[in-house]
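Working notes for the structure below.
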Amino acid sequence: MDWGTELWDQFEVLERHTQWGLDLLDRYVKFVKERTEVEQAYAKQLRNLVKKYLPKRPAKDDPESKFSQQQSFVQILQEVNDFAGQRELVAENLSVRVCLELVKYSQEMKQERKMHFQEGRRAQQQLESGFKQLENSKRKFERDCREAEKAAQTAERLDQDINATKADVEKAKQQAHLRSHMAEESKNEYAAQLQRFNRDQAHFYFSQMPQIFDKLQDMDERRATRLGAGYGLLSEAELQVVPIIAKCLEGMKVAADAVDAKNDSQVLIELHKSGFARPGDVEFEDFSQPMNRAPSDSSLGTPSDGRPELRGPGRSRAKRWPFGKKNKPHPPPLSPLGGPLPSALPNGPPSPRSGRDPLAILSEISKSVKPRLASFRSLRGGRGTVASEDFSHLPPEQQRKRLQQQLEERNRELQKEVDQREALKKMKDVYEKTPQMGDPASLEPRITETLSNIERLKLEVQKYEAWLAEAESRVLSNRGDSLGRHTRPPDPPSSAPPDSSSNGSQDNKESSEEPPSEEGQDTPIYTEFDEDFEEPTSPIGQCVAIYHFEGSSEGTISMTEGEDLSLMEEDKGDGWTRVRRKQGGEGYVPTSYLRVSLN
């Protein structure tokens, strides 16, 4: 069945239907265009998300990149980035293969539809024009017939009238005959017009309009077929990227399975193992018995060689971890109104002092020497640490690893230079045997430069090998010391219980008669302080004391309310800030007691 046969009288219906089909095509194109914008925005957001979470530093400079967790996360981000690329590909395919082509096809369909309906309207106008002519000839024939009949009646009435003259009768007959002849001509014309209209009408309904309707049907079917193909392109564009997206998802799964907790633990050990020996046992110090202040028999007095000993109550300090954070005093508490509590101002009860006993001497020394920051951050190359070529600023184990890396890098460069020298020599031999290929003398500068680089790299390799051997021996010695120190059980304290005063006095006397330790004999009096203090650096800001602070503990400094101070180091999270007074002296004060302004 076709439209020309079944829908011969539904011209307006076909016009509405074809217009609806083209509108549907345009709606689908608009839908695909908006879908393309959604895909592009989705891909852009995914790429921005990946860019936001990708590591900013290169992998070789980022120690976190050595962990499998970080590597898996980076791989997942890369897979998400590839997934975003596939979404962009879907958007591009939809834009090119659907939007552009269907828009062009829609314009062609609109032009073809307009042409077909213009042709149908012209045929309708022609048929309507023929029908009007038929109606005109029909009315003329009807009018002439009535006039001819009226003229015949008039002639017949005059012919029977005895009063009518002969001339009137002849004239009436002639008029009747003329009218009859005109009616006959109108009849013939009407018959011809009717025949012509019937022929045109048959051609219009059985030939002309069916052909136009069939063309419209073919056009609409082609449009529907093309629209269906456009529907298929929507899914085809997705199916084309499904294998790649599946690979991206598989890559994410592989990255998830690649997380190795044990390996990450080992990597952390390799990255941050210092190689230092473990700290030794802390010696027992008996504070329960009264101390003998006499310099001659006190364990805190001046030894026989004239050097004051550092050990003793009030100044004895066991260094449990050589690179640990300083045992800074806890910041004094504040009152609800913001000021310090009265009980928090003194840093503990003052030690009893005698004339010029060793404790007084050590106390004066501790106040006159500026504190030094000995902490993990300074040993890790933080602010104020100068990196040396042999990496001696690093812990032994890290120094050994860095030296090993530098040595391997130098060996690779040396091998590269050696290979380049051999290649230049072979090229020079070829030039000497075949002068037309090149001048052997032109290679001399490059050969000389290569030999110079080789000598330089050999010296660097020897230098790093010596440093590496020294670092390895230091690591081994630290391990040996640590193992040897922890294989023996700790010595029990030799002091008596605190409730036995007589035994305590005897133990105190015996301890004072013991010879000083080897460390105390070989180390000057200021050695321990020199390890705790360093040369002053330039201020990083200014600060004003809000409250009065009496710095009487180790490493602290006193300040008065409203005093202007120089900021030497910011608070590292422990509640203390390092400052310098204008009159001289440098130390720590509570951060909550300051109003800080950085440079």
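Residue numbers run from 1 in the order of the sequence given. These figures come from a predicted structure and were not determined experimentally.
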Looking at every non-hydrogen atom in both residues, tell me the closest pair between [X] and [Y] and how far apart they are.
X	Y	result
Glu586	Ile557	N-CD1, 3.5 Å
Tyr464	Arg410	OH-NH2, 3.5 Å
Thr36	Ala91	CG2-O, 3.3 Å
Ala84	Leu46	CB-CB, 3.7 Å
Leu594	Pro590	CG-O, 3.8 Å
Arg47	Glu88	NE-OE2, 3.0 Å

Do the side chains of [Y] and [X] get nearer than 4.5 Å, heavy atoms only?
X	Y	value
Pro55	Val74	yes
Gln40	Lys44	no
Glu34	Val38	no
Asn411	Leu407	yes
Glu409	Arg412	yes
Arg402	Leu394	yes
Gln420	Arg446	yes
Met252	Val80	yes

Test log, rule salt bridge (charged side-chain N to carboxylate O under 4.0 Å, His left out), inputs Arg35 and Glu39: CA-CA 6 Å; Arg35 166 73 186 279; Glu39 292 288 350; 3.0 Å; yes

Over 12 non-hydrogen atoms of neighbours within 6.0 angstrom of CZ in Arg456: yes

Heavy-atom neighbours of Lys463 NZ exceed 12 at 6.0 Å: yes

Could you check whether any side-chain N or O of [X] sits under 3.5 Å from a backbone N or O of [Y], counting only pairs where one atom can act as donor and the other as acceptor?
X	Y	answer
Ser72	Ser68	yes
Thr556	Val589	no
Asn453	Glu449	yes

Test side-chain hydrogen bond (donor to acceptor under 3.5 Å, both in side chains) applied to Asp264 and Gln70, Gln69, Lys66, Gln71, the passing residue: Gln69

Distance in Å, [X] [atom1] paired with [Y] [atom2], rounded so as to fall on 0.5 Å steps:
X	Y	atom1	atom2	result
Arg580	Leu567	CZ	CG	11.0 Å
Tyr53	Ile76	OH	CD1	13.5 Å
Leu414	Leu459	CG	CG	10.5 Å
Asp82	Leu89	CG	CG	12.0 Å
Trp467	Phe391	CH2	CZ	8.5 Å
Ser558	Arg581	OG	CZ	6.5 Å

Step-by-step side chain to side chain contact (heavy atoms under 4.5 Å, CB included) determination, Gln45 to Leu49: CA-CA 6 Å; Gln45 291 178 358; Leu49 184 65; over 6 Å; no

Working for side chain to side chain contact (heavy atoms under 4.5 Å, CB included), residues Gln542 and Ser566: CA-CA 5 Å; Gln542 302 296 326; Ser566 298; 3.8 Å; yes

Pair Tyr593-Thr577, side chain to side chain contact (heavy atoms under 4.5 Å, CB included): steps then yes or no: CA-CA 10 Å; Tyr593 281 34; Thr577 301; over 6 Å; no

Residue pair Lys247, Gln86: steps toward the side chain to side chain contact (heavy atoms under 4.5 Å, CB included) verdict: CA-CA 11 Å; Lys247 290 182 179 179; Gln86 297 306 309; over 6 Å; no

Carboxylate-amine/guanidinium contact Glu238 Arg87, below 4.0 Å: yes

